[in-house]
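Some notes on the structure that comes next.
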Amino acid sequence: MSEIMQAINKIAADFTITPYQILDIAEKFRFAMERKLSGHPSPFKMLPSYLERPSGHERGVYLALDFGGTNVRIMLVELRGNGSYKILTHSSSPLKDPQGSYDYTSAQTTAEDLFLFLAERIGKVAVPGQSYILGHTFSFPSRQTDINNAELIHWTKEIKTAGMAGRNITDLLTGALAKLGLNHITPVAIINDTIGTLLTAAFQNDRADIGSICGTGLNTAYLEASPVSADGPMLINIESGNFAELPLTVFDAKLDAASELPGLGRLEKAGSGRYLGELLLMITTDLMPLGLLAGTPRRRFVTPVTLNGADIAAIIADHTPDMTATERWLAEHHDISGTTGDDRQALKAIASLIVRRSARMVAASYLGILRHIDPELSHPHHIAVDGSLYEKMPGYSAIIQDTLDEALGDKSARVTIGLTKNGSAVGAAIAAAISGK
Ligand code: BGC
């Protein structure tokens, strides 16, 4: 066996999460949830949404603004009652121009610039002279005081837009809409994307009580039936990406140290789409002294971070002999040439390890939530998931399913899981309908 393959086998051992570790993570996850619910320090924020499950009978046409950190999506959604809806219009724009002409996620832009950009995109969808009710999905940890007011606690996903922490997000949006003369658009609800996904799934399916995002970020929300507070049953945004009691590696430590908020978001940094490419780069760079990628200019694989979740998906999906599809992909998308068949096989082996670990950690987090809400699994549950990683990464959803089956054994039929596409945006329309304004 080549030295490189030996090294990858060693890394594989560190990236493997055994069935025992899955149960251990699940238990620690449950414990951390319950610590926070009882007012003790915990990695979780357990943020209230001021929303319960929808009835499924919500009706009307609503504007949905979905802001997650990579793209801004605006949709006009018609809720038709009895669990059905239709997306009437859909527009999506990147927050960072691929050609480099703007970047609303950088430290050089301000909250005001960012919200003017969002308002301008909304204005392109809204017809002048017609009134609109808007629901806003804002996918960052935010402290909410009611269904329409929330302030950003801190950015995640390496976003750096200045002057946002502590600001009331709805005020920023309303101010930007007013500046552009878009007073016919009224924001009435603000939610996290995990809450949106859960709302959309619960709108259609009585069993849905967990909503999750596996995309650029990682996070999960659930229906807390018996909160310790007097608020009654409520959908709670765990901010589970901050979980840290995980079997992490030296690569995770390095990535964390170089990130915007070291020490925070350890589960997210180990598993979300924003960081998978970075992990792959770190591991490949470590193996370069053994001859990996020796024919490729080294700088191509180091800074700036060149690979993302889509690259990893392309590498993993490549079953061509000698992985020539990856050779073409790297040349076309990253101007990387000179890789050998062995290099590409090594990249695929590493990428598969990273992706598998991510899916298993996420599954363990779902098991932790299930242990909290229904330890005996006496009721059926549905976990609704949205996000690019779950939807597009080859094998990802199957690994989550297998991990759940492995842990739940003969009770696994009590838990179903599936994609709720556009859940984060459609949920904003449902929240707007519930807010009843
Ligand atoms: C944010 C969460 C969000 C998740 C998925 C994380 O970085 O903190 O609020 O739900 O990404 O978008």
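When a ligand or atom number is given, it counts from 1 through the structure's own listing order. Because the structure is predicted, anything quoted here is derived from the model rather than measured.
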Give the numbers and elements of all ligand 1 atoms closer than 4.0 Å to a heavy atom of Glu268.
6 (C), 7 (O), 11 (O)
Near Ile213, which atoms of ligand 1 are under 4.0 Å from a heavy atom of that residue?
5 (C), 12 (O)
Would Glu406 and Arg360 satisfy salt bridge (Lys or Arg N to Asp or Glu O under 4.0 Å), going step by step from the backbone distance to the final call?
CA-CA 11 Å; Glu406 158 197 303; Arg360 281 182 66 79; 3.0 Å; yes
Tell me whether the rings of Phe67 and Phe140 are parallel (<30°), tilted (30 to 60°) or perpendicular (>60°).
tilted
Charged N to carboxylate O below 4.0 Å: is that the case for Glu78 and Arg80?
yes
So that I know where these two stand, are Tyr102 and Phe117 an aromatic pair - ring centroids less than 6.0 Å apart?
yes
Does ligand 1 have an atom that lies less than 4.0 angstrom from a heavy atom of Pro141?
yes
Numbering as shown, the atoms of ligand 1 that approach Glu239 to under 4.0 Å (heavy-atom distance):
1 (C), 2 (C), 8 (O), 9 (O)
Specify the protein heavy atom at minimum distance from atom 5 (C) of ligand 1: its residue, its atom name, and the distance to 0.1 Å.
Asp193 OD2, 3.3 Å
Under 4.0 Å from one or more heavy atoms of Lys157, ligand 1 contributes atoms 4 (C), 5 (C), 6 (C), 7 (O), 11 (O), 12 (O)
Is the shortest side-chain N to carboxylate O distance from Asp252 to Arg266 below 4.0 Å?
no
Over 60° means perpendicular and under 30° means parallel, so tell me whether His333 and Trp329 are parallel, tilted or perpendicular.
parallel
Give the atom numbers and elements of ligand 1 that come within less than 4.0 Å of a heavy atom of Thr156.
1 (C), 6 (C), 7 (O), 8 (O)
Ligand-residue contact atoms, ligand 1 with Ser139, heavy atoms, under 4.0 Å
1 (C), 2 (C), 3 (C), 9 (O), 12 (O)
For atom 4 (C) of ligand 1, the protein heavy atom that lies nearest, with its residue and separation
Asn219 CB, 3.6 Å
Given that the side chain starts at C-beta and the backbone is N, CA, C, O, which of these parts of Thr216 lies under 4.0 Å from ligand 1, counting heavy atoms, or is it both or neither?
neither
Using a strict cut-off of 4.0 Å, indicate which atoms of ligand 1 neighbour a heavy atom of Phe140.
9 (O)
For Asp24, is there an ion pair with Lys28 - N to carboxylate O distance below 4.0 angstrom?
yes
